[in-house]
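Each chain gets a letter, A, B and so on, in the order the sequences are listed, and its residues count up from 1.
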Amino acid sequence: MTLDRATVDALLPCFLCGDLPDEVHAAIESALAEDAELRGRLETLEGGRDACLEALSSLAGAVPELDHELDLSGLLSAAGGPAASGTEEAELEDFEEAPTTVMSAIDIPARSTQLTAANDAPAATTPYGVEVPKAESFTPPPPSRPLGPAAASVHPGGLALGLAAAVALLAVLAGGPPQQPAEVQLLDTHQQVVQEPAGFIATTDGRALMAALRAAGADPRLAMAPDLTDWGYTLVGGSVSGRGVVLVYERDGQRYTCQIYSARVTSSRPDVVQDASGVVVRGFQEGELGVVSWTAGGRTCLFSGPAPVAELMAFVTDRIERSRGAREG
Amino acid sequence: MIGPHLTPERPLSPAAHSLVSMEDTRLLTRLQRGERAAFEDLWQRWRGAVWSVCVAMCAERSDAVALLQAVYGSLPRSVPGWAAPTPLCCHLGAHVFRVVHAQLELSPVVGIDVPTAGAVRVPDAATARDVLLRVEPHVRLVYLIDLFFHCPAPTLAQLLELDANDLRHARGMAAWRVIEGGAQ
């Protein structure tokens, strides 16, 4: 494999970290052997990293002593054996019984509302601006994952890195498609599933639905059918979506979906954020659809339907808090 | 000079990252059995790195302490999902990333520009600190996790269910910014 100079330069930080594919690593080594300037830039990167380590070490100072003892009760009670996942009584928030090898079932402690990131400039928001017309005429725009144009300018060093280098970089690393479902795709899924497309499993029996979803190929950790009757939502059925699931509920003649995935949702919004017993719940309004999402214990859930987002947020936060209160009680 | 919080120089060979030490394996077993001493051992070894990340991510020291407590307090619930073939440093790095990212509600690590750099120079420590603290928080966090936990991008990406290239881009972006700052 041979790499052009611009690509080698762009990959120098990764070379320093040592986690490139073997053939790419070898190609860069070859290029460095021939190019003193590139070697110099690599050494400068190394020096920059050391400077950061030194600076941050002195900035941090001594580690403060913590005054809370760890609660190991969950680990000790689980030491007798793994608990089953996706049981009939599984709650949306009840993730801790199923140890995962990909995302851990962690319970983020109640977040201090005072916490702010240093220099937390607001992220550049680019709302998808998806217009959600009537289902029969809905044509979703293609989901986009902008690379962002690399600065195409000639620097004093004589290198011109632009979009071509970005494309070359990605081609070299053989990056695959993004793993997170994009917002617009999830709204599209909502619109499709409420119409009970082919493959939809129509049943009001939660246990039967869970078994059917697993049989249809859903990830067993995600194949759940929570009972939401206390809030007026009646289960109608569900279907598999990738390795995740989409459940359909009905309330007052309107249909709502609950999508459950193992990957996080990419979103340039939300409009509303709330903390529900340590779980961050996000929501936004997209036309007539209120959309609420949250992530806990390795699962991301998206609840959407024709209602104001505030109403759906209240439902979701109430359910999470009630479920956690019942577990701790 | 290597300070008490700093981890040793890591090898550049990609193959080295695939090895898990017996010490790590034993410690993981003890952690998953709920041994309090195992958590103390883990924390004693890595608390400096965690604290450095927390301080570098927060504007206020009190917030950094709260973050540190959040990372520490949620360890017992995270550990059951730690699979043996992956080094402990990667599991812990991913855990710190998740907690910090959630607590500070950072932007997703997607769509990071491919980094470019012109004139570069090794900065002094003060300049490195100033430049790094001006980097966007979600990008800075990726760089800090790499700096202190040395987890290869593909491994961290798998643990976090992110795209490895996005992590590489974020890491590279911060790295170039630091040495561009040294040239200014």
inquiry  = Under 4.5 Å from any heavy atom of chain A, what part of B:V178 do you find: side chain, backbone, both or neither?
reply    = side chain

ask   = Would you say B:R36's side chain and A:L70's backbone share a donor-acceptor pair under 3.5 angstrom?
value = yes

ask   = When you check the gap from the basic side-chain N to the acidic O, do A:E54 and B:R129 get nearer than 4.0 Å?
value = no

key: Closest non-hydrogen atom pair, B:A125 against A:A55   = O-CB, 3.1 Å

ask   = Is atom CD of A:E29 surrounded by more than 12 heavy atoms (other residues, nucleotides or ligands) closer than 6.0 Å?
value = yes

inquiry  = I need the minimum non-hydrogen distance between A:D71 and B:P76, along with the two atoms involved.
reply    = O-CB, 3.5 Å

note = Between A:R41 and B:G118, the two heavy atoms sitting closest are NH1-O, 2.9 Å

key: B:D146/A:R49 ion pair, N-O < 4.0 Å   = no

inquiry  = Minimum heavy-atom separation for B:A175 and A:P13, please, with both atom names.
reply    = CB-CB, 4.2 Å

inquiry  = Which atoms of B:L141 are under 4.5 Å from chain A, going by heavy atoms: the side chain, the backbone, both sets, or neither?
reply    = neither

ask   = For B:R171 and A:D19, which heavy atoms make the closest approach, and how far apart are they?
value = NH1-OD2, 2.7 Å

ask   = Does B:R30 CZ have over 12 foreign heavy atoms under 6.0 Å away?
value = yes

key: A:L56 side chain near B:L144 side chain, heavy-atom distance below 4.5 Å   = yes

request  = Using the side-chain contact (heavy atoms from CB on, under 4.5 Å) rule, take A:L66 and B:L68 through it: C-alpha gap first, then chi angles, then the decisive distance, then the call.
outcome  = CA-CA 8 Å; A:L66 300 176; B:L68 186 73; 3.8 Å; yes

request  = Give a yes or no on whether the backbone of A:A62 and the side-chain of B:W51 come within a donor-acceptor separation of less than 3.5 Å.
outcome  = yes

request  = Can you tell which part of B:E40 gets under 4.5 Å to a heavy atom of chain A, answering side chain, backbone, both or neither?
outcome  = neither

remark   = Whatever's closer than 4.5 Å to a heavy atom in chain A on B:R61 counts as side chain

message = At a heavy-atom distance under 4.5 Å, which candidate from B:L132, B:V122, B:V131 has the highest pair count against chain A?
response = B:V122

